Each structure stands twice: as C-alpha cells, then as structure tokens.
Amino acid sequence: MAELAETPVAPHRFAPDMQEPKINLNIDWGQVNLDDIQLPPGEDFGIKSDDEEEEEEILETETGFSNVIVVDNLPVVAPEKYEKLESVIRKIFGQIGVIREKGLWMPVDTETGKSKGYAFIEYTTPQEAETAREQTNGYKLDKSHVFAVNMFDDFDKYMKVPDEWSAPERKPYTPGENLLAWLTDERGRDQFVVRFGPETEVYWNDARQGKPDPVYHRSLWTDSFVQWSPLGTYLATIHRQGAATWGGAQTFNRLMRFIHPQVRFIDFSPSEKFLVTYSSHEPSNPRDTQRVTLNIFDVRSGKILREFKGSADDFATGGTGGVAGVSWPVFRWAGGRDDKYFARIGKNSISVYETETMGLLDKKSIKVDNVLDFSWSPTEPILSLFVPEGGGGNQPARVSLLQIPSREELRQKNLFSVSDCKMYWQSNGDYLAVKVDRYTKTKKSTYTGFELFRTKERDIPIEVLELENKNDKIVAFAWEPKGHRFAIIHGDGPRPDISFYSMKSPNNVGRVTKLTTLKGKQANALYWSPIGRFIVLAGLKAYNGQLEFYNVDELETMATAEHFMATDVDWDPTGRYVATSVTSVHQMENGFNIWSFQGKLIYRLPRDRFFQFLWRPRPPTLLSPEEEAEIARNLKKYSKRYEVEDQESSIILSTQEMESRRKVIDEWKSWVAEWQRLHEEEKPLRQELRDGEPSDEEEDYEAEEVEVEDILNVEEEVVSYGFEQLD
Amino acid sequence: MRPILLKGHERPLTFLKYNRDGDLLFSCAKDHDPTVWYAHNGERLGTYRGHNGAVWCCDVSRDSTRLITGSADQSAKLWDVETGAQLYSFNFESPARAVDLSVGDKYAVISTDPFMGQTSAIHVKRIDKDRSKQGSDSLLVITGPQGRINRVVWGPLNKTIISAGEDSVVRIWDAESGKLLKESDPETGHQKAVTSLVKSADGSHFITGSQDKTAKLWDTRTLTLLKTYVTERPVNAAAISPLLDHVVIGGGQEASQVTMSDRRAGKFEAKFFHKIYEEEIGGVKGHFGPINALAFNPDGRSFSSGGEDGYVRLHHFDADYFHIKI
C-alpha cells in the first residue's frame, strides 16, 4: 500500500489486488478507462476469473468416482468362463444397489485372454457403493477367494501407505486433570447445569446462602442440548460435527471430541466407558427410507469402536407391526457397573452385543417371534421381554426373563387378552412390575393389572395385583429407588387417587400390601427421592404445577406448594433438594425453583427461554449398606461437626451480607444527603416559583381551624309566655 | 386491609394521581371521563366530561384547584377540580400522551404522539391564573425522540424536562432552550419502550418502568442510574413510596397476549421491592389483567392500582407493612 503513493494514482475503479501493478508499463492509469478495453473473446491472458476458481474447487472435492467400488481377489478365469463369473458377480453386487449400465468391468489380460482377478463396479449412487463396500468386503466366494472391496476414491489413500512399518512415536504421558474434583467440595454441594437462550451455565446449588453459586458460563456452548454422563464425570455437548465431552478439576475443559456429523442423540453407557451417537439422514430419493448411523465410541480415547449403518426400518423398534420411527435409545445397556452388554430390538429378534469384541454375543441374535419390547435389569444381565399375542389369539402374550449370556429363560408368564404391557424395574433389580392392560370380555374397553416379579427370590415368584376399582386408569407408576415400595396414580377424573404399596408385609410373608390411598389429588406425575422415603406428587401441565411433598414412612404430607406452570421436577442426586422448572414450552414464567426435600422454597431463578435443568449425577456411594446404617445410627455424632460448620459459615455469611448491605446503605445515604443539600439550596428559588408560598414540605403544613357561620334563614315568631293567665 | 374496589371506569385504566393533600385520587382511563374519588373511602366525587377519546395522563395543581388532562382526542384540557367545568382546551394535531404541571403551576409540559405524518413532540404551555388570559401558544416545542413519548415531567426548579418513551431512552432537556442535556446509556439503560416515569416526593430521583421487564431508579439531576429492579414481566407502572424505602412495580403482558385461563398466568401482581437493596419484598394480587397505573398516597399509607380490567384498587396498608424487616 505504501507504494501506492509513489506510483501514479490508481483510479478508483481498480480492484484492490490490482492496486500494485507488477510491471510498470509507463501508462498513466488515470487516463485509461478500463471499461473501454475489450479483450479478444475466449482469451483470458492466463488470468482466472473468480467464477472459474469456484468451479475448480467443486471438481476437486467431487471426483465423480464416489459411486465406484473396486473388487479384488476375484478368481482368474479363462475367456469361456468369463460370462459365468460376470453373472455371479452381477448377482452378488446387484442385490445391494442398482449397477449402472456398463457399470461392471472386469479387465482382461490381452496376452492370455484371462481375467485379471479384479473388477470395477459402478453404482447409481455413492450411498449404494458405500453399502456394497461394507457388506461385501470379506465376502467368501469360496475358500480361496475372499473379496477385498474398496472405494475407488480410496485408492490414492492406500497407495500412500508406506511399505515399511515404522513404530509410531511414543507420546510422553501427561497426567490428566482430576475429573472427580467436584465431588470433594468442602460444603458437599451439588452442581447443576442450566441452559437458557444461547447461554449454558453450571452452578453450585448453595442452599445455605439461598442462591446458586456460579461455576462456569459459556455462550453457544452446544448446538442442541447438554447431557451429563451417568456418573457425572463428563458434560457432553452436541455440535454439527459431533459430540464433545467436558470436565476438569476447576473449570470445564474439552476432554474429547467424537466426530459424528449431524449427530442427533447421544447416550452414555452406565459406567461411562462408551458413548453411543446417533444421526439420521434424509434420503436423497423420496422412495427410500431415512438412513441412520450409530457410532459407539470409547469415551476416554475417543476411538470409534463400532459403526452401525442402515435404513431407519432396520433400527425401528416394535417388531413386525412396525411402529414407525426409531425410538431412542436404540441400544440399551445392561445394568451393573461393568458395561458388558448392550442390546437392541429388531424384527423377531433381540441382538445382544458384547463390548469386549463389539460383536454379537455368540455371533447370533436371540430369536423371539413378535417381540415388542424389552428392558434390562438395572443391576444384572437379565433381560425382560414382552411378546404380544400371536396367531390370532391362539398364542398367549408373554413376559419372560432371560439370563445373559446363557440365554436361559429364568421365568415366564403367559398373559391372556392383553392389549399392552409396560415393564418397570426397581432400581436394585429386586423387583419387576409389569403393567398389563387387558381387554374386558366385550373387548370394548381395557382394564389394568400388575404382575409383580420378585427376581431375587428363589424361583422368582410372581404376584398379581389388581386395583380395588378395576376400571381405574393408571396415570403413573413409580418404584421407590432402592426400596420395596411403589406408588401408583390411578383414577379417571380430574382428581385421581394415589396409592402406595409395599412388597413386604408386616409379618414378612412376602405379600404385597397396600399402605395407603390418598384420595382426589391433583397430580399426574410421581418423583421419588433418589434415597427413597420421600416423594413429590406433582400436577404438571394441566394441573398448573401443583406440588405435594409426601413422607411415605410416616404417611403424611410435609408440604404443599405450587410452581405455576412447572413442566419438570428433578431431585438432586443426594435427595436433599428438588428443582422444579418451567421450560420454554411455555412462553411465560420460564426459570426454576429450588426446594428443600420438605417442600420449603429456597430460591428462584427466572430465566427467559429456559431449556434445560440437569443435576450433575454422583457416582454411587463407596460405603456398604452396613456402613451407611452405622452412620445413620450415629448421626448425632457426625452431625455435630456439620452443625458447628453451618453456624460458623452462617455467621461469616451474615457478616458478609451485613457488610455489603451497609455499603449499599451508605452509598444511598450519601445520595440522599446530596439531594437534601441541593433541595435546601433550591428552597428559596422554589418558593419564588410558587409566588412566595412558603410551605415546601408536608411538615410545614399548619392546620388552621376556621369557624364559618352562615345565616340560613331569619324568621320572626310571637312567643306567648302565658302571662295573661296569671293575671 | 381489604382493598377498596373503585368501579367507575368502563375501559382499562391508564393513569392515577393523588393530589398533594392525599385526599383526592384522580384516575384516567380509556373511556373518556377522568374521575375524581375520595382517597380514604373510594367514594366517587365526580367526573370531568368533555374529552372525546381515551385519556392518557393527568396532573393536578398544588392547591388542588385545577386539573390538566391529556387525551387521544388530540387535546389537553384544563379543568376546575371543584366544579368539573372545562377551563381551557389546548388543541394539537395528534393525541396528547403525557402532561405535567411545573413547580408553581405556571407551566405545563405536554407530549404528543407521532400521528398522520406528525412526529412526536414535547410542548411547553403557559398556564395563566386568570382564565380569560389563557392562550394556546407553545413557549417551546421539542422534537427528536422516535416513537411515542410516554412520559414527560419537569426537573428541579423547572429548569429541565425529563422525557422517556418508546425509543427506550431517558432524556433530560433544557426547559429554556430545548437543548438535549443528557441521555441514558444504551448499555445500562432500558432495552425496550419505557412505559412509565414517576418522580419521588422531593423530585430528587425518579423511577422508570419498561417493557424490558425492569424498573430503574435514576438521579433527576445527573441522570445517574441508581438501581435496577428485575421482574418477570413487562412493567407498565411503577411508583416510589414517600414514606418507606419501597417501590411498587406493576405490569403484565399485553392484554392481547394474555391467557384467559388463569389470572396467575400473566402475573398481574403489584410487586413491592426494597428501594435500596433491590430485593423483592412482596406482592399484592387482585387485578384480572395487567396493571397499567400505580400511585402512592403522599402520606405513604395507602396506594392505588389501576388495571386493564377497568378497576381501581385502593389499598390501605396494614400495620404490619410498616414493620417489614429485611
């Protein structure tokens, strides 16, 4: 640019990159009107226009061979067998996609006339080619001919592989951050993440101060949502390019990226070892179905362990009936802490995979005709399956428990005239409740009952529970976490009843007993405390956010409250606090409230366009149940220390609070003093404006009593005093 | 105490004003008749008939003899408080939105809306004690702010004029020359239209309410932002207690956006905040619809609120109110 001043002044029409002519032609550019210059047609003097460059770029990315695959390891055949081989290959590869006309080419050695042992196949779409590569690579034509199938485009890549193997460079080990540092919070607080507008914020729930304590804040952290891993170690964010995990000792650093374009959902395995990502892609051809891609990553290394691709139909659940759509999660993880198995439901089968090999368990799926639903026990590798009625009612519906990996059926129960079935495992896997909707005799309506399995007892006894009023609709069902009780909301009207049952009975005969029924509650959702004993009976949506905090041990209501329009209720992982939130499904009132477990409102945080509230989960306790019981027994001893701490901190707090308040007050007082001074100064001027009227303040007022006499009427009257009579 | 429900207006309330003695309450509504009530028992004293459009604002003279009202019928009228007689009518080319009488009641400042090609403007008029000498000439016309000027008031000693409106900026003008002296900071100031502006009893500070769901407290002389009160809904009205360090804020959604199912949905509460700590103290429910107007009795012992529902609610504080501890 500096040279610009020395060279003759460039006319204003010059493009910026032409301002500095490479060759000085001794032309006075000021005199030249560039628009008058005409170049011979078709000649560009080697100067590329911007448009051409763009075209070239597209050519670079798109070789036009993305729909071509190369098949290697074909048999070398003589000309007379050439046609036969071609038809065999056409048969194999024609199944997968449409091979273009003249799209199959097997080169022939011109000297011998024999085929060269490889072929090029051109499909109509790159997707077909990709599928063909996946499905036929390793295809065994016979013993000595195992196909090696590659994309034509990948050839360059493979050519570049050096012939000599050189050992990869060993990276020095750098110790990572302590990802569990948040668990060592001195005050034992819990964290939560909230998402509103473009912001994502992580807070400590500081109930003692009655306000959240900010930990981390970031705008546009995620493209769609955030998710904690099940033990709370990672926070996952979703982006167009894939998912990412975040964590760290003090703040949130990015730990790993998981590349998966257009990822829609993610799911961690229960012990956070694996991450499943899911995306679905609209088909280019309207007749095709959606294609879905699932990747399983190793959370710590970020490596893809297995990839699943297919049409949405292959991953849709719901057996042959074909309930539309893929339901998330596609893969359900077996319970327990070792992340050993995961499974998905397919048509007439359940596929169980082993994480060790990332392959099918025993290399084959479990065949179950018409299977509609399954779920894992939360602690053991036991599957519960539901198969609806089949054969026009000849085969009864059934629920069965299957042991993995032995595939042994532990228990089975046949059910008749069933319309639907739902399975609820208790969090320890001790019990399984199966909610069964049955048709009445007329088949016009349904009624509901429960089949209760005691999975930890010998032979797995099953009990049947029916409500007193069989026609009651079941609104909600929930097991007490780690406990033996469950709650049911049932009833038809706007004020359903809530019943509590226990799997134990007073004299321990192992019968289910009813504890109590609460009549006419405005509730439609049940939220047990994660440590059991307490439950929030919530009336969300149509009930406008009614909350009842109930103690199931004492069978008494601790508090009733309302968080108007509340849409979500979440217990913190320790069962000390409850968060209720109004998310952006409503326009108004967005934000969340934090309550104590007894139903005392601790603080509120209104936030416009509120999307998510998530408590950071905690790993399970390291103490054995006996140790926990020990602590509970000696609670007084332990609590003393904390009480002292509480008191101290509250004193510090209040002094801090006082300090800041005093500052605010002092500031205010200084303003007021200034105003009073000015006010006094202006007093005479103000009086003048009021024509000398002296009163300025209320105090100057003087009440004056004025007597007003009015003569209303004058009348004359003769009054006789009766003197005459005296005379 | 149970609030007294003043039923007299047929349309949504727009403005409330107590006289200096605190014995009279003037109310303006979208029906055409400003009304005066006894402030202690809510009895209706009378109406001022003559306007032909919604009445947006009013002010009463210090001696409670004259009332000035601004109306959508493109006039501001001067009334005899006692008899209800119309004394004078200032006519404009567009609706009169806000009115305020100066210290000494010799001048009035009136804002007019943008309308039919007219831009919004602030007019200063002389008010003559002698009715026969009253003229309609404007001493000063200020233009410039975009959109409606929802409130305009006099600064200390009538030296300045403070205006605020739809462009969300609070401005201080020189009352002599009409020059712009100060403007609120766009960063810290209101983000959406300012709907109300009320001065403290001594005029040293004032509160503004805005649709950005906040109310803010400002220094009248320096336009320093002193406090911000954050609520969950657009603020239509705000007032400062003359007795305690409290402010009251009212609002709600626009009537057209309000759900009809539940009166809690729009949050039609008058919310009390501690003026200095900016903390919410409590709320007074009752209106079925957003609150459009709020006013404190000059003695600080009662306040009134006017709603979109057409009612004025007159609240006398219980004894407890005066012992709130924070």
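Treat the numbers as computed from the prediction; the structure is a model and nothing was measured. Each chain gets a letter, A, B and so on, in the order the sequences are listed, and its residues count up from 1.
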Could you tell me whether A/Y216 and A/Y203 have their ring centroids closer than 6.0 angstrom? no
Interface moiety of B/D105 toward chain A, non-hydrogen atoms closer than 4.5 Å: neither
Which bit of A/D608 is near chain B, if near means a heavy-atom gap under 4.5 Å: side chain, backbone, both or neither? side chain
Can you name the ring pair (Phe, Tyr, Trp, His ring centres under 6.0 Å) partners of A/W595, sequence neighbours left out? A/F549
A/F592-A/F610 aromatic ring centre distance below 6.0 Å: yes
Who among A/I665, A/N590, A/V672 has the most heavy-atom pairs with chain B under 4.5 Å? A/I665
So, using side-chain contact (heavy atoms from CB on, under 4.5 Å) as the criterion, who are the partners of A/E681 when residues are at least two apart? A/R677, A/L678
